[in-house]
Number of protein chains: 2
Amino acid sequence: MAATRPSNPLALAVLVLLWERPMHPYEMSSTLRERRKEDSIKLNYGSLYSVVESLRKRGLIEAAETVREGRRPERTVYAITDIGAQVMVDWLVELLSTPKKEFTQFEAALSLAGALPPEQVTELLGQRLRNLRFHQKAVEAVFEEARTVKLPRLFMIEAEFSAALLTAEIAFVEQLLGELRAGSLGGFALWQRMHELRRAGVPPEEIDAKLDAEFADELAFARDEST
Amino acid sequence: MAATRPSNPLALAVLVLLWERPMHPYEMSSTLRERRKEDSIKLNYGSLYSVVESLRKRGLIEAAETVREGRRPERTVYAITDIGAQVMVDWLVELLSTPKKEFTQFEAALSLAGALPPEQVTELLGQRLRNLRFHQKAVEAVFEEARTVKLPRLFMIEAEFSAALLTAEIAFVEQLLGELRAGSLGGFALWQRMHELRRAGVPPEEIDAKLDAEFADELAFARDEST
DNA sequence: AGGCGAATACTCGAAGTCGAGTATTCGAGA
DNA sequence: TCTCGAATACTCGACTTCGAGTATTCGCCT
């Protein structure tokens, strides 16, 4: 059996932490928090403990000892196994070298935005833009702070990546908003008309027929798609 | 009880489809496929049926009729309810107007990349860059095709968004690769030395101590963090 | 006429996700 | 010395996710 692994990236974080040195679950979570890794890896207690258990069952990590410090409850300290170290490397290699489609909520929302009327979508994207810019300022403040305490950039690459995506999203929304406000986005009139008809209470099939007639040219693509 | 909703965006897609007109689950999946929405919304059969059931239990959709066409098995046709339509609107409003952190695998991998030696990470990111560029060409070909069949841009905004993120990622990886190859990324030497010591079999605590001594200036930030 | 691959239409159960809840202990201040 | 909030260290179970498997039928090709 090829060594399988859990799908949650938190499991990879656990492997990396145990590759550094043995520790117990709660220490993993606090270490991740200290290093600001919770910004890039979703951390939640339930998942942490179940992920640790899942790694143990697969033989990627093992319980090293159970210690009791002061009068705190007992804690199980885990260590990485040789197979675990190998899986960690393979996993990192795959994630770094091979891009794979990541589904985002915003992309889903964009693809379904047609269900709201164009005016409302314009308004909502305006709000989003304001929120994004506000967020960007906060992120820049964090970078500024990092520079003043001389934190080496190595420890923040993931934050820089996420900031780069944020900048790209801002540019995209700005551009889209411009086209929406100008009404110049291809298909805009069709979209508007569809909502007009719905508001008027026209039933679905009739809407389809009317739009098909009124926007014959714009909907031409749909007719010869039977290839 | 405030109308709750499933968390899977596929449920939003179901609401939108049923807002257009009643249909049965299999038709939902084929409609989504025809419209290329599976590129922006993760579609999988298991999830589809359980999401439909979950929407039904919450009263956001309801079974309208069960039909049997030809000698095909029976199918349940669902319709959206008034509450369902409201939830659909609220959900779209939230997703479009309010950005929320999306965790990506690559961001997680970047934040844990320190567990591989710098030379290997450089090599892997080189591979990634080649893959990303290849993928970008394919995406551009799709856009080209869309232009020739005159598909209105409205129907592809989500694809344009995803392409914008792809471009941003390429730029980021190019930039990062440059700094890695030049060895100019802050913390690079520290990272290299850490792996050197590990290869030499030095135990964790000693590595920490040595690095702390050798890179006192670069690690200064860590010492006065006890605020 | 009949065979076979593509499309239709789901089902199932193992695995994973999540946040709220619980119980304890430490330490700063009144 | 007492208290109270923050930190420590998990547990629980309801809900989701997922992909592989199943069973049928349509329609083209020979």
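Fair warning: this is a prediction, and the values are worked out from it, not measured in the lab. In what follows, every chain begins at residue 1, and chains take the letters A, B, ... in the order their sequences are listed.
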What's the [atom1]-[atom2] distance between [X] and [N], to the nearest Å?
| X | N | atom1 | atom2 | result |
| --- | --- | --- | --- | --- |
| B:L48 | C:dC12 | CG | P | 16 Å |
| A:R5 | C:dA15 | CZ | C1' | 16 Å |
| A:N44 | D:dT16 | CG | P | 16 Å |
| A:R33 | D:dA6 | CZ | P | 15 Å |
| A:Y45 | D:dA7 | OH | C1' | 9 Å |

(request) Give a yes/no on whether any side-chain N or O of A:H24 is located under 4.0 angstrom from OP1 or OP2 of D:dC10. (result) yes

(message) For C:dC10 and B:Y26 - does any side-chain N or O of the residue sit under 4.0 Å from the phosphate oxygens OP1/OP2?
(response) no

(message) Judged by each residue's nearest nucleotide on DNA chain C, which is more toward the 5′ side, A:S7 or A:G46?
(response) A:S7

(message) Once ring-ring contact (aromatic ring centres under 6.0 Å, His included) is applied, what residue pairs with a partner in residues 133-161 of chain B remain, sequence neighbours excluded?
(response) A:F106-B:F161, A:F172-B:F161, A:F221-B:F155

(message) Between B:K137 and B:E140, does any NZ, NE, NH1 or NH2 come within less than 4.0 Å of an OD or OE carboxylate oxygen?
(response) no

(request) May I ask you to decide whether A:R35 forms a salt bridge with A:E20, counting only side-chain N to carboxylate O separations under 4.0 Å? (result) yes

(message) Heavy atoms only, 4.0 Å cut-off, all strands: where does A:K42 land among base, sugar-phosphate and nothing?
(response) sugar-phosphate

(request) Determine whether the side chains of B:Q86 and B:D90 contain a donor N or O and an acceptor N or O closer than 3.5 Å. (result) yes

